[in-house]
Amino acid sequence: MGATTPNSRERRGTVQSVEYDAIVVGSGISGGWAAKELTEKGLRVLLLERGRNVEHIKDYVSATKAPWEYAHRGGRTKSMEELYPVLKRDYPLNEKNLAFWVNEQESPYTESRRFDWFRGYQVGGKSLMWGRQSYRWSDLDFNANAKEGVAVDWPLRYADLAPWYDKVEKHAGISGSHEGLEQLPDGQFQPAMPLNCGEELVAGKVSKQFGGKRKIIPGRVANATQKLDGRNACQYRNACWLGCPYGAYFSTQSSTLPAAAKTGKLTLKPFSIVSEVLFDKNAKRATGVRVMDAVSEQVTDYKAKIIFLCASTLNSTWLLMRSATDMWPGGLGSSSGELGHNLMDHHFRAGAEGTLEGLDDKTTYGRRPNGFYIPRYRNLFGDKRDYLRGFGYQGSAGRQGWSRAVAELGVGGAFKDEMSLPGTWTVGATGFGEMLPNHANMISLDQNKKDKWGMPVLRIDCATGPNEAAMRKDMLHDMAEMLEAAGVKKVKINDDTYFPGMGIHEMGTARMGRDPKTSVLNSHNQVWDAPNVFVTDGSGMVSSACVNPSLTYMAMTARAADFAVSELNKRNL
């Protein structure tokens, strides 16, 4: 059996199904947008999700639970750590939303070098648990590779995406402030979630001390602060990662899926594992996809005129690697030799924190699901460092609460009274730094290890390099410098261990480009080798910038869908 030939379980009893105008693989942030845009343009769309269905509100089973309603108060157990050896490496492992994270026993992967791959296999994907920070890229980001001779040039620029940023921001509901920064373009914002008094105090002093070159602004976040298309405004519960019953944050369930369903042209099929893109080598077009039912293991072939791969970074590339192997041993889209290469993430967990004085008569109100952001300022506007690119900071200020008592020893009424009062004001932030594309950072199929359904898993081989190491020094000391300049006391730097994947911002492995000899996708996210196949999740990213990428996935998906329908109508696909 060939290296990427589907095994007998996948071939057994294959049945043919009805034909659709379009098939979308994956229902997360990108897949939801693809389904919405394609159905609203009149196409009959089949949306395939490998995991279970999660219905809006009904299936947010933990959204309104109190801490004491959990068997382990929301924590983790030894049994959970044994079943989730990757998830336990960081904060995601807890009993509150465990069902939203992938079953690692059923869907393992291989690490040549440590890579923390945190996944969500269900309708909505990671749109149910994402951090919601939503920032536009600028031309400084899209031009960087060409300017510095790194990897390949982006095949588009900010002007190509700007109208699509406008479109997706209005529908998703992005709250933020207008700042007029070249490196962080403003958008179509709902009112920002204001900085609290501690953050305002630090922001004013930082701006003054650094001549306005370093700014603390409200985070730009996909939490609606005003009602939007039947969705309520944010209730400041800070429980977004449990599913939002109010629909205030952007998710597939609250936003794009209802819009697609409203057209009457959407068919959603959960428990549908797409194992291969079917390809006609004579027509040089994909004809559909092969799907295994995750429960019955029945295999069905679905046909469509266009296919959008939105299975998430790495999974879309996994699917390409398993397709059209009779023409390209490395899979569909591998003719350039770049499929599977140039994996990136954002490196973080490097910053500083300290205590604020002079605000003992003030505290915070509500549980704002957001913090502050410090836009990139390094290697810009005359600043030159001994590394390429830069970083931004995400952080917050607040008063310690009763939970500070956990680390203390004390009993009695006086102790309890003291713990019922607000504690010390603290402020801190971690940098999020750009990771350069590197051909050696790659994924491949591990034919010796199979998942529950008998399919080969991914082998991931990725590490940061000297550029990221040099950048992290500034990420640490710059934050400490800003806090000290703002009068913050007891400042200490935090250099927590980071491994690729921990940012949950994986990007690359099927990059866009201007030349089919050096890239997998063209400027419209089309696979060079199969023009009716589009990849619009993070797989196509050419570089990583330093801001969160999800808003850019949304804009690229909407743009690609518009182009696909136009080409379909012209009979070019």
Side-chain angles (χ1 to χ4, degrees), residues 1-12 14 16-17 19-20 22-26 34 46 48 50 272-292 299-342 442-447 453-459 508-513 515-522 524-537 539-540 560 564 567-568 572-573:
M1 185 160 49
T4 55
T5 301
N7 70 24
S8 59
R9 293 170 70 187
E10 297 169 65
R11 294 196 302 264
R12 187 187 308 133
T14 302
Q16 298 298 319
S17 183
E19 183 171 347
Y20 293 84
I23 292 172
V24 178
V25 182
L46 173 63
L48 297 168
R50 66 174 294 150
S272 298
I273 302 174
V274 181
S275 61
E276 181 181 358
V277 175
L278 304 174
F279 185 76
D280 184 333
K281 60 184 178 182
N282 295 317
K284 296 182 180 180
R285 297 288 190 275
T287 59
V289 297
R290 179 156 292 164
V291 176
M292 176 186 282
V299 176
T300 304
D301 288 350
Y302 294 96
K303 293 185 176 181
K305 300 180 181 70
I306 57 175
I307 298 168
F308 270 66
L309 301 186
C310 305
S312 79
T313 304
L314 306 192
N315 279 322
S316 286
T317 297
W318 174 87
L319 185 53
L320 289 171
M321 287 177 167
R322 290 172 47 80
S323 305
T325 53
D326 56 338
M327 285 198 65
W328 300 281
L332 182 62
S334 66
S335 60
S336 66
E338 294 299 331
L339 185 67
H341 294 276
N342 310 295
M442 61 175 289
I443 61 173
S444 58
L445 297 179
D446 185 347
Q447 296 293 344
W453 299 274
M455 301 183 199
V457 304
L458 277 178
R459 177 182 295 276
T509 69
R511 73 183 180 194
M512 302 170 73
D515 187 342
K517 295 180 180 179
T518 58
S519 57
V520 180
L521 312 175
N522 69 11
H524 290 284
N525 298 80
Q526 286 174 287
V527 177
W528 288 108
D529 298 334
N532 64 333
V533 178
F534 296 78
V535 183
T536 67
D537 54 26
S539 305
E567 290 293 283
L568 193 63
N572 290 337
L573 299 181

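FYI, the numbering just counts along the sequence from 1.
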Between [X] and [Y], is any pair of side-chain heavy atoms under 4.5 Å apart?
| X | Y | value |
| --- | --- | --- |
| Val277 | Leu309 | yes |
| Trp318 | Ile443 | no |
| Val299 | Val291 | no |
| Thr509 | Met442 | no |
| Ser334 | Leu320 | no |

Between side-chain atoms of residues 528-537 and protein atoms elsewhere (two or more places apart, or another chain), which donor-acceptor pairs fall under 3.5 Å?
unit_1: Trp528; atom_1: NE1; unit_2: Ser519; atom_2: OG; d: 2.9
unit_1: Trp528; atom_1: NE1; unit_2: Leu521; atom_2: O; d: 3.1
unit_1: Asp529; atom_1: OD1; unit_2: Ser335; atom_2: OG; d: 2.9
unit_1: Asp529; atom_1: OD2; unit_2: Gly333; atom_2: N; d: 3.3
unit_1: Asp529; atom_1: OD2; unit_2: Ser335; atom_2: OG; d: 3.1
unit_1: Asn532; atom_1: OD1; unit_2: Ala286; atom_2: N; d: 3.0
unit_1: Asn532; atom_1: ND2; unit_2: Ala286; atom_2: O; d: 2.8
unit_1: Asn532; atom_1: ND2; unit_2: Lys305; atom_2: O; d: 2.9
unit_1: Thr536; atom_1: OG1; unit_2: Thr557; atom_2: OG1; d: 3.0
unit_1: Asp537; atom_1: OD1; unit_2: Ser539; atom_2: N; d: 3.0
unit_1: Asp537; atom_1: OD1; unit_2: Ser539; atom_2: OG; d: 2.9
unit_1: Asp537; atom_1: OD2; unit_2: Ala311; atom_2: N; d: 3.2
unit_1: Asp537; atom_1: OD2; unit_2: Ser312; atom_2: N; d: 2.9
unit_1: Asp537; atom_1: OD2; unit_2: Ser316; atom_2: OG; d: 2.6

### Task
Sequence neighbours left out, what passes ring pair (Phe, Tyr, Trp, His ring centres under 6.0 Å) with Phe279? Give chain and number order.
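Trp328.
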To the nearest 0.5 Å, what is the distance between [atom1] on [X] and [atom2] on [Y]?
| X | Y | atom1 | atom2 | result |
| --- | --- | --- | --- | --- |
| Glu276 | Met321 | CD | CE | 15.0 Å |
| Met455 | Leu319 | CE | CG | 10.0 Å |
| Ile23 | Tyr302 | CD1 | OH | 9.0 Å |
| Ser444 | Leu339 | OG | CG | 11.0 Å |

All side chain to side chain donor-acceptor pair (under 3.5 Å) counterparts of [X], not counting sequence neighbours:
| X | answer |
| --- | --- |
| His341 | His439 |
| Glu567 | Asn572 |
| Asp301 | Gln16, Arg290 |

### Query
Is a side-chain donor or acceptor of Arg322 paired with a backbone partner of Ser275 at a separation under 3.5 angstrom?
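Side chain of Arg322 to backbone of Ser275, a donor-acceptor pair under 3.5 Å: yes, one is there.
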Considering non-hydrogen atoms only, spot the tightest contact between [X] and [Y] and give its length.
| X | Y | value |
| --- | --- | --- |
| Gly288 | Ile307 | O-CD1, 3.4 Å |
| Gly508 | Thr313 | O-CG2, 3.5 Å |
| Ala564 | Ile306 | CB-CD1, 4.0 Å |

Quick one: list whatever passes salt bridge (Lys or Arg N to Asp or Glu O under 4.0 Å) with [X], sequence neighbours left out.
| X | value |
| --- | --- |
| Asp515 | none |
| Arg459 | Asp446 |
| Arg511 | Glu338 |

### Message
Listing request: all side chain to side chain donor-acceptor pair (under 3.5 Å) pairs with a residue in residues 278-288, at least two apart in sequence or in separate chains.
### Response
none
